[in-house]
Protein chains: 4
Amino acid sequence: MRILEAARRAFAARGYHGTLMDDVAREAGLSKGALYVHFSSKEDLFLALLDEAAATLVERLTEAITRAHGGRAKVAAALEAALVAFEDNEDLTRLFLVESAGAGPRVDDRRRQLRTALTGLVRVHLDEAVADGDLPPQDTGLAAAVWMGAVSEVVTAWLHERSRPLRELVPELAALLLRSVGFRDA
Amino acid sequence: MRILEAARRAFAARGYHGTLMDDVAREAGLSKGALYVHFSSKEDLFLALLDEAAATLVERLTEAITRAHGGRAKVAAALEAALVAFEDNEDLTRLFLVESAGAGPRVDDRRRQLRTALTGLVRVHLDEAVADGDLPPQDTGLAAAVWMGAVSEVVTAWLHERSRPLRELVPELAALLLRSVGFRDA
Amino acid sequence: MRILEAARRAFAARGYHGTLMDDVAREAGLSKGALYVHFSSKEDLFLALLDEAAATLVERLTEAITRAHGGRAKVAAALEAALVAFEDNEDLTRLFLVESAGAGPRVDDRRRQLRTALTGLVRVHLDEAVADGDLPPQDTGLAAAVWMGAVSEVVTAWLHERSRPLRELVPELAALLLRSVGFRDA
Amino acid sequence: MRILEAARRAFAARGYHGTLMDDVAREAGLSKGALYVHFSSKEDLFLALLDEAAATLVERLTEAITRAHGGRAKVAAALEAALVAFEDNEDLTRLFLVESAGAGPRVDDRRRQLRTALTGLVRVHLDEAVADGDLPPQDTGLAAAVWMGAVSEVVTAWLHERSRPLRELVPELAALLLRSVGFRDA
DNA sequence: GATGAATGAGAATTCATTCAT
DNA sequence: GATGAATGAATTCTCATTCAT
């Protein structure tokens, strides 16, 4: 929708508190009132965007995981899919990883929820790998958190520095994370 | 100082945007005007706290690293020191990891700066371990980012869930991170 | 009409300012635009209801008065007719006595107008009673105002407390008001 | 206080909904923000005024009643005191009798509360008169409501017409109301 | 140094009304 | 006649910052 696109651009560019409903309206080519016909508050609008970002990400990950075969391949594929998705959806990435922080308690809660969901996705596949004997038994919840944090940090740094394309980091980052849980280097 | 303590408590409890200068003044037992004698803006006050948090952390890490001997021991010690420091300074931890996000561009910049400094600390020692032949050559900058992200995520989760003491996670988290860069399990 | 009924319910339930045109439209099962085909403004719609309320009331009173014979009987009958009409048309009663206050100058004026008309009705019959020698000469305008105020207050209290049916109050209230103008107790 | 005076004038002149906080601020010679330092909302400000009006009225009535001796004299004195108080405090009178209607549920509740308190004052003295044998037994609650309604109506009419000073109506109105409860004409 | 009342530029939200379809 | 998305002016409330005392 026009409003969501405008909001995505605006929030990604100026952050939650830095973006006025006036900005969104202007960017959407609508009046402020029109925004409130579709979203009952600024927070709601942002939340809708956040959900969109998470849905996009989960979809991409699920797809990549489904396509890959074997424990190691699945987690590697998920990692690559995540980084590619982040790189291809810069605005949503920024919203999800950066601007959703400090936007008030409701947004904070949703952010945490979505991160937890994502972590859960990773964990399921680590558990499978453990069950299959591909990995030694371990606290996969902790490992999944480590992966999420690592990816989040690397992507956030990329958002600011843009030193080189995110996809180029995939091999090395994958090696690190796979090693962290006990996969042998390929 | 009384003001800094009051601000630390207030910001940690309600976040940057959720904390009013009135709150800080009340908590400090001072008038709002008195705050401005010492800090020229809300942002400045927050920045001072952020610096305090980073300094505390760096000091603890440096100390721990100095005490330890050998590449592996140093990085493990740093990791433990970090988690213990986070657990012992909950308010500052929250400020540094959570509330400093979304508090405006200047705060964002400083936050990034401090995280970079911390990452650098880790990196130096990874580089030494590589130089000493304890670790294979690798992108230690990336590895340091992974470590920072991992710790940040785990600590942030702990701030919300409090399922068990942070220090109990040290062994397993250390094992994960040490493995990630290529240390063999002890 | 469907719109008037919907508006009556809505305004009676939530008051003038508390009722949105959206509410009326929803309740009427029409679009907001359709409302404006029939009523040029929210105020007009409310005014139409107010007139309906007053017309209903005047009709009932006139009828009751016509049926009764003799000065005292006529005023007593009017009083009873008023209370019964109020009780039987709760929504209109609320509109007329309660919600029409504070709804803007035009509504205020009409409200006053209608109350004056009602007072006039009472006054005419008090004047007749005086002319017939059933009552001593007096300021019948003032007396009519007293009657209107008394009824208004009692009915308004009933709208909120509902302690007992309004019609049960008729004998005692009639006695009070008849005495007030100089009728001897029956 | 400057704010209360300004608010009194503004609300009396333009009603609750017709008065903007901007109007009050301008009239008080203050900024809008200053209003909110002292009153947390427009409603609160209005409520404070309403309480002031009621307190003024109750004080005057109590005083007048205390001074008078004997049942009949007391109620007559109260009535006169009320009318004089209304006439001397036109703005507060308008606030209490007119503008407090339709200003939202909280104001409506307080308005009702205050009217009930006033009615109670009248009722106590009617009860005493009954106990002393000066009046026949009767529903004094109903009678008090009648009195309140009558006075309210007469004063409201006066606010709009100003045909003649309110105090001139006292003798005739007193006669009407005293007769209504069964006092013999003096 | 301290006070706290006052400032004033916002900022979100509301809602009667309009009008292209 | 009907629709309902869009309007936009209005309005309340916010809060970091200032400054006379």
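Reminder, nothing fancy here: chain letters follow the sequence lines and each chain counts from 1.
- Straight-line distance from the CZ atom of C:R106 to the C1' atom of E:dA16: 14 Å, rounded to whole Å.
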(request) Using Watson-Crick or G-U wobble pairs with both distances under 3.5 Å, give me DNA chain E in dot-bracket, 5' to 3', with [ ] for crossers and | for pairs to another strand. (result) .||||||||||||||||||||
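- Listed by chain and number, the residues in a side chain to side chain donor-acceptor pair (under 3.5 Å) with B:E43 are B:R106 (sequence neighbours excluded).
- Distances were taken from every side-chain heavy atom of B:A34 (C-beta onward) to each of E:dT3, F:dA16, E:dT13; the shortest belongs to E:dT3.
- Looking at B:R115 and B:S152, their side chains do bring a donor and an acceptor atom within 3.5 Å of each other.
- Among D:D91, D:V155, D:L49, D:L57, the one residue that satisfies the side chain to side chain contact (heavy atoms under 4.5 Å, CB included) test with D:F96 is D:L57.
- Following rounding to the nearest Å, B:F46 (CZ) and F:dA16 (P) show an atom-to-atom distance of 13 Å.
- Sorted by residue number, the members of residues 22-31 of chain B with any non-hydrogen atom under 4.0 Å from DNA chain E read B:L30, B:S31.
- In this structure, CZ of B:R2 is placed 9 Å from P of E:dA2, rounded to the nearest angstrom.
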Check nucleotides 19-21 of chain E for protein N or O atoms closer than 3.5 Å to its own N or O atoms and list the pairs.
none

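- Shown for residues 10-20 of chain B: residues whose heavy atoms fall under 4.0 angstrom of DNA chain F, namely B:T19, B:L20.
- D:S40 comes within 4.0 angstrom of nothing in the nucleic acid, heavy atoms only.
- A:E90 pairs by the side chain to side chain donor-acceptor pair (under 3.5 Å) definition with A:R162, not counting sequence neighbours.
- A donor-acceptor contact under 3.5 Å links the side chain of B:K32 to the base of F:dT17.
- In this structure, the side chain of D:S100 engages the main chain of D:L95 through a donor-acceptor pair within 3.5 Å.
- The side chain of D:V37 lies closest to E:dA6, out of F:dA2, F:dT17, E:dA6.
- Counting to the nearest Å, the C1' atom of E:dT13 and the NE2 atom of A:H38 are 16 Å from each other.
- For the ring pair (Phe, Tyr, Trp, His ring centres under 6.0 Å) test, residues two or more places apart in sequence or in another chain that qualify with A:F46 are A:F11, A:Y16.
- The shortest distance between side-chain heavy atoms of D:H38 and D:L45 does not fall below 4.5 Å.
- With sequence neighbours excluded, no residue forms a ring pair (Phe, Tyr, Trp, His ring centres under 6.0 Å) with A:Y36.
- When the C1' atom of E:dA5 is taken as reference, atom CZ of D:F39 falls 14 Å away, rounded to whole Å.
- At least one donor-acceptor pair closer than 3.5 Å links the side chain of B:H17 to the backbone N or O of B:G102.
- If you measure from atom CE of A:M21 to atom C1' of F:dT7, you get 15 Å, rounded to the nearest angstrom.
- Take B:A13 and apply the side-chain contact (heavy atoms from CB on, under 4.5 Å) test, not counting sequence neighbours, and it matches no residue.
- A:L45 places its CG atom 11 Å from the P atom of E:dA12, with the value rounded to the nearest Å.
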Please output the side-chain donor-acceptor pairs of residues 19-27 of chain D that fall under 3.5 Å, not counting sequence neighbours, one pair per line with the distance.
unit_1	atom_1	unit_2	atom_2	d
D:T19	OG1	D:A10	O	3.1
D:T19	OG1	D:G15	O	2.6
D:D23	OD2	D:L20	N	2.9
D:E27	OE2	D:R9	NE	2.9

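- Under a 4.0 Å N-O distance rule, the pair A:D109/A:R112 qualifies as a salt bridge.
- Atom-to-atom, CG of D:L35 to P of F:dC13 comes out at 11 Å; the value is rounded to the nearest Å.
- Annotation: side chain to side chain donor-acceptor pair (under 3.5 Å) contacts of D:T93 (sequence neighbours excluded): none.
- Listed by chain and number, the residues in a side-chain contact (heavy atoms from CB on, under 4.5 Å) with D:V37 amount to none (sequence neighbours excluded).
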